[in-house]
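Keep in mind the model is a prediction, meaning the values are calculated, not measured.
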Amino acid sequence: MRAVASTPAIPRHVAIIMDGNGRWAKKRMQPRLFGHRAGAESLRAVLRACRDHGVEFLTVYAFSTENWVRPEDEVSGLMSLLKTFLKKDEHELHENQVRLRVTGRIRDLPEAVRTELERVMAATRAYTQGQLILALSYGGRAEIADAVQAIAWEVKEGGLLPDAVDEATIAQRLYLPDVPDPDFMIRTSGECRLSNFLLWELSYAEFYFTDTLWPDFREKEFAKALEEYARRQRRYGAPS
Ligand code: IPE
Ligand code: IPE
Ligand code: MG
């Protein structure tokens with residue numbers, strides 16, 4: 001049973017679709033990568049804000065399964081930005097005892113990025129003060145398809161009966177089964193869609209859409225979003 005009567009004022013898990021880097025750069029007549037770099041600064045700011053406000057889990061959509069269709073130089077630019085982020089910001093994870101995790105098809109990523117991710121994930125594995133989850137080569141449908149495939153094999157091999165497959169069976173086979181579902185989903189840049197983000201996990205999250213472009217989304221904007229969350233009443237189907 002979910003708790004209905006009282007919604008904690010601070011979400012335990014925030015998920016963010018960090019959108020609008022390209023448009024931010026275009027407005028300044030700069031290449032898209034300039035926007036992605038500014039976007040990385042917003043991620044740093046929001047990660048610190050999560051610590052200050054007591055948000056335990058932060059999941060950020062950094063690269064979708066659909067984003068592979070972008071021009072090669074943009075994709076490789078994003079990958080090297082990710083490597084830089086891991087190198088430059090690893091110390092903050094240690095200082096704040098924050099564990100780094102990845103959700104998505106990590107095997108699709110270039111070897112050098114994967115190695116760096118695996119290194120930082122291993123080095124922060126034991127931390128319990130918070131989790132930063134990077135959604136990389138992530139697609140909500142891919143995640144569900146991977147879970148269904150795992151279940152199909154278990155059934156075929158006789159370890160699971162078809163009638164025993166329920167919501168928990170699926171939830172336990174998603175990429176990060178131990179992470180609680182997001183309470184709050186933020187999307188920047190004015191687009192009001194999910195773009196294949198956490199389809200299963202967001203089923204009861206509160207949604208927040210803002211026109212602010214991701215590179216402009218810093219501590220103040222985050223605090224404003226949290227204020228809005230605190231005003232929401234989560235009912236999970238119960239009467240108001
Ligand atoms: C989000 O910004 C970052 C990624 C998808 C990697 P965009 O690059 O989508 O920026 P817009 O939407 O084109 O402005
Ligand atoms: C969603 O943004 C993916 C990320 C932020 C990583 P997109 O910019 O790729 O989404 P669409 O194409 O506008 O739906
Ligand atoms: Mg976009």
Query raised in the report: Should the heavy atoms of other residues, nucleotides or ligands under 6.0 Å from CD of Glu167 be counted, would the total exceed 12?
Result: no
Query raised in the report: Is it true that Glu219 and Lys224 have a side-chain N and a carboxylate O under 4.0 angstrom from each other?
Result: no
Query - Contacts of His36 that satisfy ring pair (Phe, Tyr, Trp, His ring centres under 6.0 Å) - sequence neighbours left out - result: none
Report task. Check salt bridge (Lys or Arg N to Asp or Glu O under 4.0 Å) between Asp163 and all other residues, then give those that pass, not counting sequence neighbours. Result -> none
Requested in this report: Answer yes or no: is there a side-chain heavy-atom contact under 4.5 Å between Glu221 and Asp216?
Outcome: no
Query raised in the report: Any ion pair linking Arg232 and Glu228 (charged N to carboxylate O, less than 4.0 Å)?
Result: yes
Requested in this report: Please assess Arg235 against Ser240 for the test side chain to side chain contact (heavy atoms under 4.5 Å, CB included), listing each intermediate value before the final yes or no.
Outcome: CA-CA 7 Å; Arg235 284 194 283 277; Ser240 55; 3.6 Å; yes
Query raised in the report: Any chain of hydrophobic side-chain contacts (each under 4.5 Å) joining Leu132 to Leu136?
Result: yes
Requested in this report: Establish, from distance only, whether the side-chain atoms of Thr124 and Arg101 form a donor-acceptor pair under 3.5 Å.
Outcome: no
Report task. State plainly whether the residues Arg119 and Glu116 are in salt-bridge range, i.e. N to O under 4.0 Å. Result -> yes
Query - Verdict with supporting geometry, Trp214 and Val46, side chain to side chain contact (heavy atoms under 4.5 Å, CB included) - result: CA-CA 11 Å; Trp214 176 247; Val46 167; 3.8 Å; yes
Report summary line: Value for NZ (Lys88) from NE2 (His91), rounded to nearest 0.5 Å, stands at 9.0 Å
Identify all side-chain donor-acceptor contacts of residues 138-149 below 3.5 Å with residues at least two apart in sequence or on another chain.
residue : atom : partner : partner atom : Å
Tyr138  : OH   : Glu143  : OE1          : 2.5
Tyr138  : OH   : Leu198  : N            : 3.4
Glu143  : OE2  : Tyr175  : N            : 2.9
Asp146  : OD1  : Arg105  : NH2          : 2.7
Asp146  : OD2  : Arg105  : NE           : 3.2
Asp146  : OD2  : Tyr175  : OH           : 2.6

Requested in this report: Among Leu117, Leu81, Leu93, find the residue that satisfies the side-chain contact (heavy atoms from CB on, under 4.5 Å) test when tested with Leu86.
Outcome: Leu117
Query raised in the report: At their closest point, which heavy atom of Pro177 faces which heavy atom of Ala171, and how far apart are they?
Result: CB-O, 3.7 Å
Would you give me the side-chain donor-acceptor pairs under 3.5 Å for residues 106-114, sequence neighbours excluded?
residue : atom : partner : partner atom : Å
Asp108  : OD2  : Ser137  : OG           : 3.0
Arg114  : NH1  : Arg107  : O            : 3.3
Arg114  : NH1  : Leu109  : O            : 3.3

**Report entry** Note: Glu154-Arg173 ion pair, threshold 4.0 Å (strictly below)
**Finding:** yes
Query raised in the report: Below 4.5 Å, heavy atoms only, C-beta onward: do Arg234 and Glu206 meet side chain to side chain?
Result: yes
Requested in this report: Determine, using the 4.5 Å side-chain heavy-atom cutoff (strictly less than), whether Tyr61 and Leu47 are members of one ILVMFWY cluster.
Outcome: no
Query raised in the report: Short question: side chain of Ser42, backbone of Pro215 - any donor-acceptor pair under 3.5 Å?
Result: yes
Query raised in the report: Is there a donor-acceptor pair closer than 3.5 Å between any side-chain N or O of Asn67 and the backbone N or O of Phe63?
Result: no
Report task. Show the numbers, then the answer: is there a side chain to side chain contact (heavy atoms under 4.5 Å, CB included) between Thr59 and Ile16? Result -> CA-CA 6 Å; Thr59 299; Ile16 305 183; over 6 Å; no
Report summary line: dist Leu199:CG -> Phe197:CZ (nearest 0.5 Å) comes out at 10.0 Å
**Report entry** Carboxylate-amine/guanidinium proximity below 4.0 Å for Glu56 and Arg12
**Finding:** yes
**Report entry** Heavy-atom side-chain proximity of Phe207 to Ile186 below 4.5 angstrom
**Finding:** no
Query raised in the report: Counting N and O atoms only, with roles assigned by atom type, does the side chain of Asn96 sit under 3.5 Å from a partner on the main chain of Val98, one being a donor and the other an acceptor?
Result: no
Query raised in the report: Do you see a donor-acceptor pair shorter than 3.5 Å between the side chains of Arg231 and Tyr229?
Result: no
**Report entry** Backbone N/O of Thr169 and side chain of Asp166: donor-acceptor pair under 3.5 Å
**Finding:** yes
Report task. Give a yes or no on whether the backbone of Leu202 and the side-chain of Asp181 come within a donor-acceptor separation of less than 3.5 Å. Result -> no
Query raised in the report: Partners of Ser76 by side chain to side chain donor-acceptor pair (under 3.5 Å), sequence neighbours excluded?
Result: none
Query raised in the report: Checking side chain to side chain contact (heavy atoms under 4.5 Å, CB included) for the pair Met121/Val102: CA distance, chi angles, key distance, verdict?
Result: CA-CA 8 Å; Met121 282 194 289; Val102 171; 3.9 Å; yes
Query raised in the report: For the atom pair CZ (Arg48) and SG (Cys50), what is the distance rounded to the nearest 0.5 Å?
Result: 12.0 Å
Query - Nearest-0.5 Å distance that lies between atom CZ in Phe209 and atom CZ in Arg187 - result: 7.5 Å
Report summary line: To the nearest 0.5 Å, atom CG of Leu43 lies from atom CG of Leu134 at 7.0 Å
Query raised in the report: Residues in side chain to side chain donor-acceptor pair (under 3.5 Å) with His94, at least two apart?
Result: Glu90, Tyr127
Query - Cluster check Phe85, Val60: I/L/V/M/F/W/Y, side chain < 4.5 angstrom - result: yes
Query raised in the report: Got a sec: does the CH2 of Trp153 have more than 12 other heavy atoms crowding it under 6.0 Å?
Result: no
Query raised in the report: Are any of the side-chain heavy atoms of Arg32 and Arg70 separated by less than 4.5 Å?
Result: yes
Query raised in the report: Going from CG on Leu33 to OG on Ser80, what distance comes out if it is rounded to the nearest 0.5 angstrom?
Result: 6.5 Å
Report task. Specify whether Tyr204 and Tyr236 have parallel, tilted or perpendicular ring planes, treating 30° as the upper limit for parallel and 60° as the lower limit for perpendicular. Result -> tilted
Report task. Indicate if Leu78 and Val120 have the same hydrophobic cluster label, given that clusters are the connected sets of ILVMFWY residues with side-chain heavy-atom separations under 4.5 angstrom. Result -> yes
Report task. Would you confirm whether Thr188, through its side chain, and Met18, through its main-chain N or O, come within 3.5 Å as a donor-acceptor pair? Result -> no
Requested in this report: Flag this pair as yes if the NZ/CZ of Arg28 is under 6.0 angstrom from the six-membered ring centre of Trp24 and inside a 45 degree cone about the axis; otherwise no.
Outcome: yes
Query - Between Arg23 and Ser189, a side-chain donor and acceptor under 3.5 Å - result: yes
**Report entry** Linked, directly or transitively: Met79 and Leu100 (ILVMFWY side chains, under 4.5 Å)
**Finding:** yes
